[in-house]
Protein chains: 2
Amino acid sequence: MKQQEVFKAMADPTRRAILKRLQGGSLTAGEIGAAFDITPASLSHHFAVLKRADLVRTERRGQYIVYSLNSTVFEDLARMVLDLFPSKGNTGGKK
Amino acid sequence: MKQQEVFKAMADPTRRAILKRLQGGSLTAGEIGAAFDITPASLSHHFAVLKRADLVRTERRGQYIVYSLNSTVFEDLARMVLDLFPSKGNTGGKK
DNA sequence: TAGATATTTAGACAAATATCTAAATATTGC
DNA sequence: GCAATATTTAGATATTTGTCTAAATATCTA
């Protein structure tokens, strides 16, 4: 898992909003973009960042490209955060 | 809590390494810096970002400034990640 | 096959950011 | 008070990044 890619992807508010929109289920690029005031090209750039971080998956459906969340990586991300957070049973020694 | 500041702070590998070092307990700026090949000025910049995100706390001890983790914000961050992640009981409807 | 729609790619540009050097500020101990 | 040490601030610079316009690619439908 590319820790750096994931954190960088999460650092942009537009991208976090995209992820938020995908919580309700898969959406096409156009459906996602309808909620934002940026060009399709900019949107596409954000999708590329999210894909590189493996936070979203894509599937072509005819003319459209459908985006969906990759839940696995969210679990990994949560684990990484908790790994940074020292608590009982986590002395920071692992990995 | 400044979601944007927190995610931006986490997006830099040097800052994540700083947090990692602080898992073992409080350290002075100099002790932290010893592990990195960058100038004290650059270090200080990273500390400022981490402080703005409220991920670390500081306390002057004589000549030194002691940094420590602010665990509370890590919990908030974990919550934010999980909030992005759709699971049973989390339909994305809350806040 | 031609035209329309959906999305991405290429290239340019401005804003943000990580780094540096030099200088400033704070504190200690003589 | 002064020199030494620790840290931050100021200002400069190179890289990264988010955005745009224009053009390319993919697919559908008539």
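In what follows, chains carry the letters A, B, and so on, assigned in the order in which the sequence lines appear, proteins first and then strands, with residues in each chain numbered from 1. Because only heavy atoms are used, hydrogens play no part in the values below, and waters and symmetry mates are left out as well, while side chains stay in.
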Gap between atoms CZ and C1', on B:R52 and C:dA18 respectively (whole Å)
13 Å
Counting heavy atoms from C-beta on, name the nucleotide in C:dT19, C:dA6, D:dT9 closest to the side chain of B:S44.
D:dT9
For a quick check of understanding: with a heavy-atom distance under 4.0 Å over all strands, which category does B:Y67 fall into, base, sugar-phosphate or nothing?
sugar-phosphate
Starting at the 5' end of DNA chain D, which residue's closest nucleotide do you reach first, A:R60 or A:K8?
A:K8
Please give, in whole Å, the distance from C:dA18 P to B:D12 CG?
5 Å
What contact category does B:A29 fall into here, base, sugar-phosphate, or nothing, at under 4.0 angstrom with non-hydrogen atoms?
sugar-phosphate
Among D:dA6, D:dT8, D:dC20, the one nearest any side-chain atom of B:I65 is D:dT8
Just compare D:dT19, C:dT7, C:dT19 and give me whichever is closest to any side-chain atom of B:T14.
C:dT19
When B:A41 and B:V49 are each assigned the nearest nucleotide of DNA chain C, the 5'-most assignment goes to B:V49
In whole angstrom, what separates B:F7's CZ from C:dA16's C1'?
19 Å
Take atom CD1 of B:I18 and atom P of C:dA18, then tell me their distance rounded to the nearest Å.
11 Å
How long is the line joining CG of A:L50 and C1' of D:dT17, in whole Å?
14 Å
How would you label the contact of B:R15 with the nucleic acid (heavy atoms, under 4.0 Å): base, sugar-phosphate, or nothing?
sugar-phosphate
C:dC20 OP1/OP2 closer than 4.0 Å to side-chain N/O of B:T39
yes
Whole angstroms only, please: what is the CG-P distance between A:L43 and C:dT7?
9 Å
What is the distance, rounded to the nearest whole Å, between atom CD of A:E5 and atom P of D:dT16?
12 Å
Euclidean distance, atom NE2 of residue A:H45 to atom P of C:dG11 [Å, nearest integer]
17 Å
Strictly distance-based, threshold 3.5 Å: is any side-chain N or O of A:E5 a donor or acceptor partner for the main-chain N or O of A:D54?
no
Cluster question for you: counting only ILVMFWY and a side-chain heavy-atom cut-off of under 4.5 Å, with indirect links fine, are A:V81 and B:V49 together?
no
Pairing partner (Watson-Crick or G-U wobble, both distances under 3.5 angstrom) of D:dT29:
C:dA2
Which base, if any, makes a Watson-Crick or G-U wobble pair with C:dA10, both distances under 3.5 Å?
D:dT21
Check: B:Q63 side chain, C:dT28 base, donor-acceptor under 3.5 Å
no
Distance-only, no hydrogens or angles: does the B:R15 side chain make a donor-acceptor pair with backbone N or O of B:M10 under 3.5 Å?
no
Stepwise, does the side chain to side chain contact (heavy atoms under 4.5 Å, CB included) test hold for B:L43 with B:F36?
CA-CA 9 Å; B:L43 241 295; B:F36 301 99; 4.2 Å; yes
Under 3.5 Å, is there a donor-acceptor pair between the side chain of A:R16 and the main chain of A:A9?
no
